[in-house]
Protein chains: 2
Amino acid sequence: MGIAVGKSIKEAEKFCKENDLKFTPVRRKVLEILLQKNKALGAYEILDLLREAGFKNQPPVAYRALDFLVKNGFAHKIEQLNSFVGCMHPGKDHSPAFMICRNCDFVSEEEAINPNFSVSKIASKAGFKVEKAVIEARGLCHSCASMA
Amino acid sequence: MGIAVGKSIKEAEKFCKENDLKFTPVRRKVLEILLQKNKALGAYEILDLLREAGFKNQPPVAYRALDFLVKNGFAHKIEQLNSFVGCMHPGKDHSPAFMICRNCDFVSEEEAINPNFSVSKIASKAGFKVEKAVIEARGLCHSCASMA
DNA sequence: GCGCAAATGTTATGTTATATCATGGAGGAC
DNA sequence: GTCCTCCATGATATAACATAACATTTGCGC
Ligand SMILES: [Zn+2]
Ligand SMILES: [Zn+2]
Ligand SMILES: [Zn+2]
Ligand SMILES: [Zn+2]
């Protein structure tokens, strides 16, 4: 295991301890897998790796662990790929922007937390050549927000 | 059919004529469905509506039409919802940003073509209260881009 | 120990998307 | 007009992604 992976796992462990979350073996293992591979993995790829590591391998095993990791900010879902990546900035409340290379499959996670950051600024900062950008915000439309 | 729908269909027709694309009955019907409903629809919902309109309803029927519409800019896929919307700015080369209301399911398409536009600027312009933003760029990483 | 809540085990199924091969139909070359 | 090619469509099957539902186990406060 790389040093960075070990460090991230330790941070997750610490965060869970502080927030009464259970960092169970399967959750830890899934996070390790994501961090070690350092690229987007589908739930069923993760499932295969879990089986190899001696865990159960029904779909809910992977999806539950992924739900936990995503919900608590240790991993993210890449919507375009129906797949998941380990978080590169764990512990902090953040708003990620992903740069996904179509050639080498590498995924880099950039910070978009500054509300004035644009996709093109983020990309140029990362040296990434954007061919297609997916920008989707979920929330409340003007009309629904004004009713609440 | 609303006037705006008819106008969009006409524009698509014109664009196809000019670009040697075949605006076949099933493609036209799927675009009409998307524009009329004015919200994100899953492929299988579209399939049901196609069947009601007397078209065949195997999955490839919908997916092929949607591929055509998306590829040529008449519709967009909403990745977070695995669903599709008709384009609000057809004909122009554009880079959309979607605001998806979790309360009323309305999807608005904003222009993000100005590279200095940020998600938060787009949202505030649209009166939209963002709760979660998905930002995913596909393209070439620094290393792969420099090799090409 | 007992009872509760959360996590995991297990089976089944739902949902989204594509592969593959057959058939049909418009338009150009001759 | 006939043949040929290309592309769209028809049709069947299956792959890939995700969740529902209920049983069982585990950890923890009492
Ligand atoms: Zn992150
Ligand atoms: Zn690359
Ligand atoms: Zn559009
Ligand atoms: Zn709304």
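The sequence lines fix the lettering, A, B, ..., with proteins before strands; numbering per chain opens at 1. Note that the structure is predicted; figures quoted are calculated from it, not measured.
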Undergrad: At under 4.0 Å, does any side-chain N or O of B:Arg64 touch on OP1 or OP2 of D:dG10?
TA: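 False: B:Arg64 side-chain N/O out of range (4.0 Å or more) of D:dG10 OP1/OP2.
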Undergrad: For a quick test of reading the model: is some side-chain N or O of A:Lys56 closer than 4.0 Å to OP1 or OP2 of C:dT10?
TA: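 For C:dT10, OP1/OP2 do have a side-chain N/O of A:Lys56 under 4.0 Å.
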Undergrad: Are more than 12 heavy atoms, taken from residues, nucleotides or ligands other than B:Asn19, located less than 6.0 Å from that residue's CG atom?
TA: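 Yes, because the 6.0 Å sphere around CG of B:Asn19 holds more than 12 heavy atoms from other groups.
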Undergrad: B:Asp20 has an atom CG; how far is it from atom C1' of D:dC6, in whole Å?
TA: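 About 13 Å, once rounded to whole Å.
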Undergrad: Given atom CG of B:Asp67 and atom C1' of C:dT16, what is their separation to the nearest angstrom?
TA: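 It is 13 Å, rounded to the nearest whole Å.
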Undergrad: Between A:Gln80 (CD) and C:dT16 (C1'), how many Å, whole number?
TA: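 So the two atoms are 17 Å apart, to the nearest Å.
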Undergrad: Please report, rounded to the nearest Å, how far the C1' atom of D:dT19 is from the CZ atom of A:Phe68.
TA: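 About 20 Å, once rounded to whole Å.
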Undergrad: Can you tell which of C:dA17, C:dT8, D:dA8 lies closest to the side chain of B:Lys22?
TA: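 Nearest nucleotide to the side chain: D:dA8.
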Undergrad: Want to settle it: does B:Asn82 or B:Tyr44 sit nearer the 5' end of DNA chain D, counting the closest nucleotide to each?
TA: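 Its nearest nucleotide lies further toward 5', so the answer is B:Tyr44.
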Undergrad: Give a yes/no on whether any side-chain N or O of A:Lys77 is located under 4.0 angstrom from OP1 or OP2 of D:dA18.
TA: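 Answer is yes, contact under 4.0 Å.
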Undergrad: Choose from C:dT10, C:dC21, D:dA18 the nucleotide whose nearest atom is closest to any side-chain atom of A:Gln58.
TA: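 That would be C:dT10.
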Undergrad: Side chain of B:Val26, heavy atoms from C-beta onward: which of D:dT9, C:dA17, C:dT8 has the nearest atom to it?
TA: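 The nucleotide sitting nearest to the side chain is D:dT9.
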Undergrad: D:dA16 P sits how many Å from A:Glu45 CD, rounded?
TA: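 My rounded result for the distance is 11 Å.
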Undergrad: Less than 4.0 angstrom from a charged side-chain N to a carboxylate O is my criterion; do A:Lys29 and A:Glu32 meet it?
TA: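 Yes, this pair counts.
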Undergrad: Under 4.5 Å between any side-chain heavy atoms of B:Leu21 and B:Phe68, yes or no?
TA: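 Of all side-chain heavy-atom pairs linking B:Phe68 with B:Leu21, at least one is under 4.5 Å.
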Undergrad: Kindly say whether the aromatic ring centers of B:His94 and B:His76 come within a distance under 6.0 Å.
TA: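 Yes: the rings meet the under 6.0 Å criterion.
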Undergrad: Is a donor-acceptor pair below 3.5 Å formed from side chain B:Tyr63 to base C:dA19, judging by atom type as modelled?
TA: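 Donor-acceptor pair under 3.5 Å: no.
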Undergrad: Measure the distance from CG on B:Asn57 to P on C:dT16 and round it to the nearest whole Å.
TA: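 It is 16 Å, rounded to the nearest whole Å.
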Undergrad: Let's see if you can work this out: which of C:dT18, C:dA7, C:dT10 has an atom nearest to the side-chain heavy atoms of A:Pro60?
TA: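 My answer, after comparing the listed nucleotides, is C:dT10.
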Undergrad: Within the 4.5 Å heavy-atom criterion, are B:Cys141 and A:Asn103 side-chain neighbours or not?
TA: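 Result no, sub-4.5 Å side-chain heavy-atom pair not found.
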Undergrad: Nearest nucleotide by nearest heavy atom, which residue falls closer to the 5' end of DNA chain D, B:Thr24 or B:Pro59?
TA: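 Mapping each residue to its closest nucleotide by heavy atoms, the 5'-most match is B:Thr24.
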Undergrad: How long is the line joining CG of A:Leu66 and P of C:dA7, in whole Å?
TA: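 After rounding, the reported distance stands at 15 Å.
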Undergrad: Round to a whole Å and report the spacing from CG of B:Leu41 to P of C:dT16.
TA: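 Computing the B:Leu41:CG to C:dT16:P distance gives 12 Å.
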